[in-house]
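Written out below as structure tokens is the structure these notes cover.
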Amino acid sequence: MALLVALVMKTFLIQVFVIPSGSMEQTIQVGDRVLVDKLTPWFGSEPQRGDVVVFKDPGGWLESDRKPSGDGPVLGAAKQVLTFVGLLPSDSEQDLIKRVIGVGGDTVECCDAQGRLSVNGTPVDEQSYVASANPPSRQPFKVKVPQGRLWVMGDHRDVSADSRFHMGNPGQGTIPLSGVVGRAFVIAWPLDRFHQLDVPSSLSSLARAPQARGTVPEPVGVGPVPMEPPLVMGVLGILPVAVRRPGRPSV
């Protein structure tokens, strides 16, 4: 029963991810466990500006550095089953977490004369989520986001290998909606940091851009690309607690 419930939750409802890097500080810190809503996309809901989303590597964002497993065939198979249903963390996932800054049709630009990022010509106040002492971007850019794609950036701009650093890749730095795993909505662990991940009104209140053709971004020169590890799928530790019988010791 625990395996079945875990599989259903991981596939359709909620998944736990462990944050391995500081690219979303101070909003999300290294070691935090975040809950990701995987249900609403099944009903056609799309990420909006300001949402924190987990997404699959669209190609070339992560460096593959996998070590061969020393597990035997039996132990290896058992681990694969438990990983598949979400009761063991996966070390082969290629997922990242960023904040949505622009959606299809938006023009995202940085920076203006006051050093601010703008969306569709409207300056955005980012003080509520961008890490202290970080400017909106040290690399100037201007991009028109194609329909069906997103422009994403980390809150810790100085160390985040986000859309800015992949404008030479297919998609020109944007990610496809089809690659979005879900929306991170709660920091669940550690308990002293338990809180909901709110959407900043400075982004959510912006009007949608008019439909337009043409999706060619302006080129941007950048320095060395920061290295960023993939997210780790967390253990659904609440499930064994929910199904164990009274009087049985926890493990």
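Here the structure is a predicted model, which means the values were calculated and not measured.
Transitive grouping of hydrophobic side chains (ILVMFWY, heavy atoms separated by less than 4.5 Å) brings V53 and L177 into a common cluster. Residues W189 and V186 do not share a hydrophobic cluster, defined by chaining ILVMFWY side chains whose heavy atoms lie under 4.5 Å apart. Cluster annotation: V124 and F141 are assigned to the same hydrophobic cluster (Ile/Leu/Val/Met/Phe/Trp/Tyr, side-chain heavy-atom contacts under 4.5 Å, transitive). Placement of V181 and I28 within a single hydrophobic cluster is found when ILVMFWY residues are connected by side-chain heavy-atom separations under 4.5 Å, directly or transitively. By the criterion of side-chain heavy atoms lying less than 4.5 angstrom apart, applied directly or through intervening Ile, Leu, Val, Met, Phe, Trp or Tyr residues, M167 is grouped together with M153 in one hydrophobic cluster.
Taking the charged nitrogens against the carboxylate oxygens, E126 and R116 have no contact shorter than 4.0 Å, which rules out a salt bridge. A salt bridge links R99 to D155: one of the charged nitrogens lies within less than 4.0 Å of a carboxylate oxygen.
Judged by distance alone, the side chain of S202 and the main-chain N or O of D125 form a donor-acceptor pair under 3.5 Å. Remark: the backbone N or O of G154 is paired with a side-chain donor or acceptor of D162 at under 3.5 angstrom. Judged by distance alone, the side chain of R164 and the main-chain N or O of A161 form no donor-acceptor pair under 3.5 Å. With hydrogens and angles ignored, the 3.5 Å screen pairs no side-chain donor or acceptor of E109 with any backbone N or O of T107. For N134 (side chain) and D158 (main-chain N/O), a donor-acceptor pair under 3.5 Å exists by modelled atom type. Judged purely by atom type and a 3.5 angstrom limit, H156 has no side-chain atom pairing as donor or acceptor with the backbone of M24. With D57 contributing its side chain and D95 its backbone, the two residues share no donor-acceptor pair below 3.5 Å.
Proximity of V16 to V34: side-chain heavy atoms (C-beta onward) are nowhere separated by under 4.5 Å. Residues R138 and R157 fail the side-chain proximity criterion, which asks for heavy atoms closer than 4.5 Å.
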Inset, instruction - For side chain to side chain contact (heavy atoms under 4.5 Å, CB included), just list the numbers for V103 and R149, CA-CA rounded to whole Å, side-chain angles, deciding distance to a tenth of an Å, and then say yes or no. - result: CA-CA 6 Å; V103 297; R149 301 186 74 89; over 6 Å; no
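Distance check: D51 CG to D198 CG gives 11.0 Å after rounding to the nearest 0.5 Å. Rounded to the nearest 0.5 angstrom, Q94 CD and K56 NZ are separated by 8.5 Å. To the nearest 0.5 angstrom, Q139 atom CD is 9.5 Å from C110 atom SG. H195 NE2 to I187 CD1: the interatomic distance, rounded to the nearest 0.5 Å, is 3.5 Å. To the nearest 0.5 Å, atom CG of residue N120 and atom CG of residue D106 are 4.5 Å apart. To the nearest 0.5 Å, atom CD1 of residue I97 and atom CD1 of residue I19 are 4.0 Å apart.
Pairing each heavy atom of F185 with each of V36, the nearest pair is CE2-C, 4.0 Å. Across every non-hydrogen atom of T174 and P146, the tightest pair is CG2-CD, 3.9 Å. Smallest separation of non-hydrogen atoms from A131 and Q26: CB-N, 4.2 Å. R49 and L206 make their closest contact through NH1-O, 3.0 Å (heavy atoms, listed as atom of the first residue, atom of the second, distance). Minimum interatomic distance between G102 and V108 (heavy atoms only, all atoms of both residues): CA-CG2, 3.9 Å. Pairing each heavy atom of V152 with each of I175, the nearest pair is CG1-CD1, 3.9 Å.
Residue-environment remark: CD (Q114) exceeds the threshold of 12 foreign heavy atoms within 6.0 Å.
A cation-pi arrangement, defined by a distance under 6.0 Å to the six-membered ring centre and an angle within 45 degrees of its axis, is absent between R33 and F17.
The aromatic rings of F55 and W61 sit perpendicular, their planes meeting at an angle over 60°, well past the 30° parallel limit.
Side-chain contact of K98 with S160: a donor-acceptor pair under 3.5 Å is present, judged by distance alone. Donor-acceptor pairing under 3.5 Å is lacking for the side chains of D112 and S118.
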